[in-house]
2 protein chains.
Amino acid sequence: MRVKRDSVREAILTSASLHFSAEGYLRATIGAIARDARTAASNVYVYFPSKLDLALAVFEPWLKKEILRLERAVRREKTAMAKVRRLVDGLLRRIPEDEAGHTTTLVQALSTARPNDRYNPDLLHWTERKVAAMLRHAVGETLSERESDSLARGLMLVFDGVALRRNLSIATVGSDLAETMTRLILAQAGDASLPAAAE
Amino acid sequence: MRVKRDSVREAILTSASLHFSAEGYLRATIGAIARDARTAASNVYVYFPSKLDLALAVFEPWLKKEILRLERAVRREKTAMAKVRRLVDGLLRRIPEDEAGHTTTLVQALSTARPNDRYNPDLLHWTERKVAAMLRHAVGETLSERESDSLARGLMLVFDGVALRRNLSIATVGSDLAETMTRLILAQAGDASLPAAAE
DNA sequence: TTTCATAAGCGATTGCCGTTCGATATTGAC
DNA sequence: GTCAATATCGAACGGCAATCGCTTATGAAA
């Protein structure tokens, strides 16, 4: 019997990634994605059950790569404050503002999803755990496990908010926001070495 | 000459509000909204230039009413902690979780908006100013104007994140989140009377 | 009261796009 | 070499926002 060729699947993913990051989930069309993958629109559905599944197949590896890259960057910083600042800056400014990234894809895809699409939150939880671990690595023992989990969940919610705003071309004044969040986290961690904020 | 009748406009807004809150922006159709408003789909466009404009015309008065109601509730609380807790609880749990509310409308409508739709951020800024004022009212002088503005912006981003999650039927564990945020804000305000979090 | 320009109202149509269908061509297994 | 499974593809479907042209109601001017 005939068999699915990986090369076709790869071509579709590559084309989809380009279209989604350039045009967003909604304006990108299956027709255009298929054309650039040198196949027919209907054939895309042999490899992916729906446009939403295709988008998630593009988004997931992208986000994981970005988070792992961020993890390495945080580890390279020396002080607790520098680590936290790098974490927040990556999560709330660098990753969402990446022109070739997929935060817009995510927001558009998920907000058009219907309840029966049953988006599974594994990726979200994986990311939250990673962020919580980075927080603990950064500030050490002064942060309880439960506190770091709460902070990580809060940070991910802010990330979602930033992503949504970005979709509206509403600037979030990224570096200022990152600075505020860094101070909040360090204050929560009870870090007394925090310099007085230069207001 | 013939004149637009306010009653028709009102009927369309009422019908749209019901459909949007029950089905969300995307699944609600102009046809169904028009039918329940006893008019033709094409006639809706005499009163509102697009589906997005209609949604914003529904959303804006709803949000303003909710924020003003929240402001009164915060004012009624006695202590700084109670005020902050009430503010955060309203913003991150009660308003987004309101079944008859429009947070889902907002997220879906805005994430499908295109750049040329030029969403104007007046409503967002009005809300941020209100939240900042509530924060200053709650904790008093210990919070500089710039700090309260930053915190308000952060809170609104979390609100957007919560709204996005709600659209995915991902529970945000609202009360737990609200408690975390309350502690963060009070810690930032340098409130030493904050009881040790029961971890 | 009559006339008339204007705009509300509406059924039909358009255009777009995700998805499905039916037919055909290709490939791996026996 | 034969056959069955299935990748591939053009055509068609269905849903929906938005537009078009025509009809009709209405307020103002005469």
Side-chain angles (χ1 to χ4, degrees), chain A residues 1-16 18-20 22-59 105 108-119, chain B residues 1-16 18-20 22-59 105 108-119:
Chain A
M1 66 169 179
R2 200 168 172 186
V3 127
K4 267 178 206 152
R5 288 190 297 145
D6 275 356
S7 66
V8 176
R9 190 188 156 88
E10 290 305 318
I12 292 171
L13 279 173
T14 302
S15 172
L18 289 173
H19 275 89
F20 285 146
E23 303 155 25
Y25 176 77
L26 288 161
R27 293 172 71 85
T29 70
I30 296 288
I33 290 169
R35 193 176 334 112
D36 286 355
R38 311 267 180 217
T39 185
S42 52
N43 203 39
V44 170
Y45 290 86
V46 171
Y47 293 87
F48 303 94
S50 72
K51 189 184 183 185
L52 178 60
D53 286 274
L54 175 55
L56 293 178
V58 167
F59 178 79
T105 304
Q108 293 187 351
L110 293 191
S111 60
T112 61
R114 300 169 180 203
N116 56 333
D117 282 328
R118 297 293 246 113
Y119 168 67
Chain B
M1 67 169 177
R2 201 169 173 183
V3 127
K4 268 179 204 150
R5 288 189 298 145
D6 275 355
S7 66
V8 177
R9 190 189 156 87
E10 290 305 318
I12 293 171
L13 279 173
T14 303
S15 172
L18 288 173
H19 275 88
F20 285 145
E23 304 155 25
Y25 176 77
L26 289 161
R27 291 174 73 83
T29 69
I30 296 287
I33 290 169
R35 193 176 334 111
D36 286 354
R38 313 267 182 215
T39 187
S42 51
N43 203 38
V44 171
Y45 290 88
V46 172
Y47 294 86
F48 302 94
S50 72
K51 190 185 183 185
L52 178 61
D53 286 275
L54 175 56
L56 293 178
V58 167
F59 179 79
T105 305
Q108 293 186 353
L110 293 190
S111 59
T112 61
R114 300 167 178 203
N116 57 333
D117 282 327
R118 297 293 249 110
Y119 167 68

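Per chain, numbering begins at 1; letters A, B, ... match sequence-line order.
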When you measure from the side chain of T14(B) to the backbone of E10(B), do you find a donor-acceptor pair of N or O atoms at a distance under 3.5 Å?
yes

Once side chain to side chain donor-acceptor pair (under 3.5 Å) is applied, do any residues pair with T39(B), and if so which ones, sequence neighbours excluded?
N43(B)

Q108(A) CD - dG18(C) P separation (whole Å)
12 Å

Can you name the side chain to side chain contact (heavy atoms under 4.5 Å, CB included) partners of A22(A), sequence neighbours left out?
none

When the distance from CZ of R35(A) to P of dT8(D) is rounded to whole Å, what number comes out?
18 Å

Can you name the residues that form a side chain to side chain donor-acceptor pair (under 3.5 Å) with S111(A), not counting sequence neighbours?
S111(B)

Regarding the side chain of Y45(B), the nearest nucleotide among dA8(C), dT19(D), dT8(D) is dT19(D)

Measure CG/L52(B) against C1'/dA18(D) and give the value in whole Å, please.
14 Å

In whole angstroms, the gap separating P of dG18(C) from CZ of F48(A) amounts to 15 Å

Atom OH of Y25(A) to atom P of dG18(C): distance rounded to whole Å?
8 Å

d(CZ, R38(A); P, dT8(D)) in whole Å:
15 Å

Checking L26(A) now: which residues fulfil side chain to side chain contact (heavy atoms under 4.5 Å, CB included) with it, not counting sequence neighbours?
Q108(A), T112(A), T112(B)

Pairing residues for R9(A) by the side chain to side chain contact (heavy atoms under 4.5 Å, CB included) criterion, not counting sequence neighbours:
L13(A), Y47(A), F48(A)

To the nearest angstrom, how far is Y47(A) atom OH from dT6(D) atom P?
13 Å

Identify all pairs in which a protein N or O lies below 3.5 Å from an N or O of nucleotides 10-16 of chain D, and state each distance.
| residue | atom | partner | partner atom | Å |
| --- | --- | --- | --- | --- |
| dG10(D) | O6 | S42(A) | OG | 2.6 |

Using a cut-off of less than 4.0 Å, is there contact between a side-chain N or O of T39(B) and OP1 or OP2 of dC10(C)?
yes

